[in-house]
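Here's the structure we're looking at; comments come further down.
In what follows, chains carry the letters A, B, and so on, assigned in the order in which the sequence lines appear, proteins first and then strands, with residues in each chain numbered from 1. Values in this document were obtained by computation on a predicted structure and should not be read as measured data.
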Amino acid sequence: MINKTVNNVTEALEGVQDGMTFMLGGFGLSGIPENSIQELVKRNVQNVTCISNNAGVDDFGLGLLLKKKQIKKMISSYVGENAEFERQMLSGELDVELIPQGTLAERCRAAQNGIPAFYTPAGYGTEVAEGKEVRDFNGKPHIMEKAFEADFAFIKAWKGDEAGNLIFKGTARNFNPVMCGAAKITVVEVEELVKPGELDPNFVHIPGIFVQRIFKGEKFEKRIEQRTTK
Amino acid sequence: MINKTVNNVTEALEGVQDGMTFMLGGFGLSGIPENSIQELVKRNVQNVTCISNNAGVDDFGLGLLLKKKQIKKMISSYVGENAEFERQMLSGELDVELIPQGTLAERCRAAQNGIPAFYTPAGYGTEVAEGKEVRDFNGKPHIMEKAFEADFAFIKAWKGDEAGNLIFKGTARNFNPVMCGAAKITVVEVEELVKPGELDPNFVHIPGIFVQRIFKGEKFEKRIEQRTTK
Amino acid sequence: MLDKNGIAKRIAQEVQDGFYVNLGIGIPTLVANYVRDDIELEFQSENGILGMGPFPREEEVDADLINAGKQTITALPGASFFDSSMSFGMIRGQHVDLTILGAMEVAQNGNIANWKIPGKMVKGMGGAMDLVGSAKNIIVAMMHTNKAGDSKLLKTCSLPLTGVECVTKIVTNLAVLDIVDKKFRLLERAPGISVEDIQKATEGELIIEGDIPEMSI
Amino acid sequence: MLDKNGIAKRIAQEVQDGFYVNLGIGIPTLVANYVRDDIELEFQSENGILGMGPFPREEEVDADLINAGKQTITALPGASFFDSSMSFGMIRGQHVDLTILGAMEVAQNGNIANWKIPGKMVKGMGGAMDLVGSAKNIIVAMMHTNKAGDSKLLKTCSLPLTGVECVTKIVTNLAVLDIVDKKFRLLERAPGISVEDIQKATEGELIIEGDIPEMSI
């Protein structure tokens, strides 16, 4: 067994530098790497590019980095929940690349799996296809999309073991599994860190080979964006 | 909940015809759809193309179809365990397309996920690349591979529920999950068929949306090819 | 004239037995409330759940269980969770039978625009481009005209496109239409709405063949 | 001269702390027996397990738990099972640190042939083309010559290729070699084997720089 544990978020983020490209798991505020984000704020890394489906809200998630203007470029599919984001984008302070959600997921998965490029129908005939190769398959036009390249992936899992094996919970899974191993270094924060052998090998969502560093997150706020009840 | 259960293997294979293309899960004899294979033998469907990592052994698995000369073409990565196979291939009775195992898996997964084509380095500079597009990504040559097309996928899972949700066991998982939903009709045989709600939704390997028909297999021999002990 | 719930009610009639359905944010979400309960169906939410159930009771609320609109939800028996890659595999691979989504504009050739107003509103396309790029069966739920009274059923879209020649059917507060030969074909009128009302509110070419029945909802 | 176990023993020295290792069928499988037990490593078997353990006791045998050679195995604590797509994702995505496999021929430019003898033997490439197409670190374990006494280290491969310019290191019954400037470079001699013996058994160009030490195993 190869031990992937680090003691805390500070150790986990060693090597993080200005100008790097990060992947961050989560959908909305669900399943975001809260502890790593806070450490990024604390370290005040500058000019970073973030690949993340959403951009948090004004005072939580990636919104915290936006507020401090640490982000140079966002690569996302939907950023509607964040007013500061929209302001920075419309004013030109922030470079934004909006791409279809499925393409975002698949470009992560391609990076994880050593697939340099693939074809998808999503975005054909739209702005998204501009400058991209278009090719017909089965009589239908598709566009070529490439694997992402990133320096760090910041992941939130529910449980993990010391070997880096991960289990996610409910819809907090989302982009987290496909970003593991899609960057040079994958950093995972978990709610519960267990010994090897405590997770059923048949129900591991992401094997430890895709993970470089794992730690137990100090605190998870798990903020809910739209508390909706019957 | 959409109920996918059929009563037995006969119902499950309704619509199977001569000349069709089948996908069959399994690696070696582990995780093969034993009941569906026996039904294919019984129905004596002819001139079929089989996409399956291996070709069984002389008297079990796909070897049973080979012996009866029901197979026109095999698409596999490794067929070394089957003498009758090698005989039919070398004599030209059987058309064989050998492709790298990872490419085989990814071409299934591409079909499942609506990706018509992708690039892989596997097979570059070899027979496998003949007639295929070669393109450099990150300074390294890759070849373009396309999604498979198939009429039926025959799958073996460990447990399944009436909604078609599946759980596989150990290394009997192999090609089974990536073939689900990769053919027009996916037929699954399970060792244990349970009511919806009995499988933890967090640990379902394949959601029922990828499955059209599910049934409890009558008998599973689970033959071992290389019984190796300490 | 229909209100939002009326539109949802009419669309619910399009849901068939055995359908996997993806509901967009807004009016589409309401469709779930009106589907006949004698048919089998499952709702997919593209953030990673199949078999989505109703909103939770207060004590059931779980931050790790939300839908694509970021609302807290529940999971029904037979549900499953999965990652974003598999979720869009279901969509791209045409395993989802019906997609219902909103739009700012629909053109008579089936083009749709619903993600961006240049210089004004840029929220992003989310999963919409994947959905309209692959789905075989796309129903648009929207008001027939915008707040300024301008038609949203156009000859050509003026806003940046989400997808091309993809919309199958449109259900608005005034009418049900489908797309034939790159024109809107009027199928049903909303209660109390005349063919002329619909003609007036439709900028794109409108095919009107024979008697147009009033919808029954 | 080394026997198969000797070759495996020597290769075991190449395994570093923290390595994920894929072992091919034959001699490579034996490597697992000789790795120092003070280093952390995990074996991947491409049919779908990470953290592969030793062969089972008779009562532990499970038909649903085999390795790529179809042998029954066990899983160590911290193991995981996965499907073939993810398994080759690990390989193609260069997450596996070291690949050890057998060969029929290796050429001095790093080409390898190990899957087919036209008209005679066609078992298929299995996962070998994926492995050699992506792995950063490929060690070939084989006899220096074939049964007829012909060299397997060639100027160019005569058999259909498995991969091009990919082999990093070769460990045979006679020597350890790596590949530099499209030539074989002799690194170590097997016990009792002279440089001349190796030269004679090597058809490809051989770089011999300075004193060639005898390997210590």
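- Options B:G170, B:A117, B:A110 differ in how many heavy-atom pairs under 4.5 Å they form with chain A, and the most are formed by B:A117.
- Neither the backbone nor the side chain of B:E145 has a heavy atom closer than 4.5 Å to any heavy atom of chain A.
- Across every non-hydrogen atom of B:P121 and A:G114, the tightest pair is CD-O, 4.2 Å.
- Taking CZ of A:R109 as the start and CZ of B:R109 as the end, the distance is 3.5 Å to the nearest 0.5 Å.
- Between B:Y119 and A:P116, the shortest heavy-atom distance links the atoms O-CD, 3.1 Å.
- Considering only heavy-atom pairs separated by less than 4.5 Å from chain A, the leading option among B:M144, B:E149, B:K146 is B:M144.
- The shortest heavy-atom contact between B:R173 and A:N202 is NH2-O, 3.0 Å.
- Within 6.0 Å of atom CD in B:E218, 12 or fewer heavy atoms from other residues, nucleotides or ligands are found, so the atom counts as exposed in its surroundings.
- Contact annotation for A:D200: neither backbone nor side-chain heavy atoms come within less than 4.5 Å of a heavy atom of chain B.
- With a 4.5 angstrom heavy-atom cutoff, B:K140 does not touch chain A via any of its atoms.
- Neither the backbone nor the side chain of B:N113 comes within contact range of chain A; no heavy atom of the residue lies under 4.5 Å from a heavy atom of that chain.
- Within a 6.0 Å sphere centred on CZ of A:F148, other residues, nucleotides and ligands contribute more than 12 heavy atoms.
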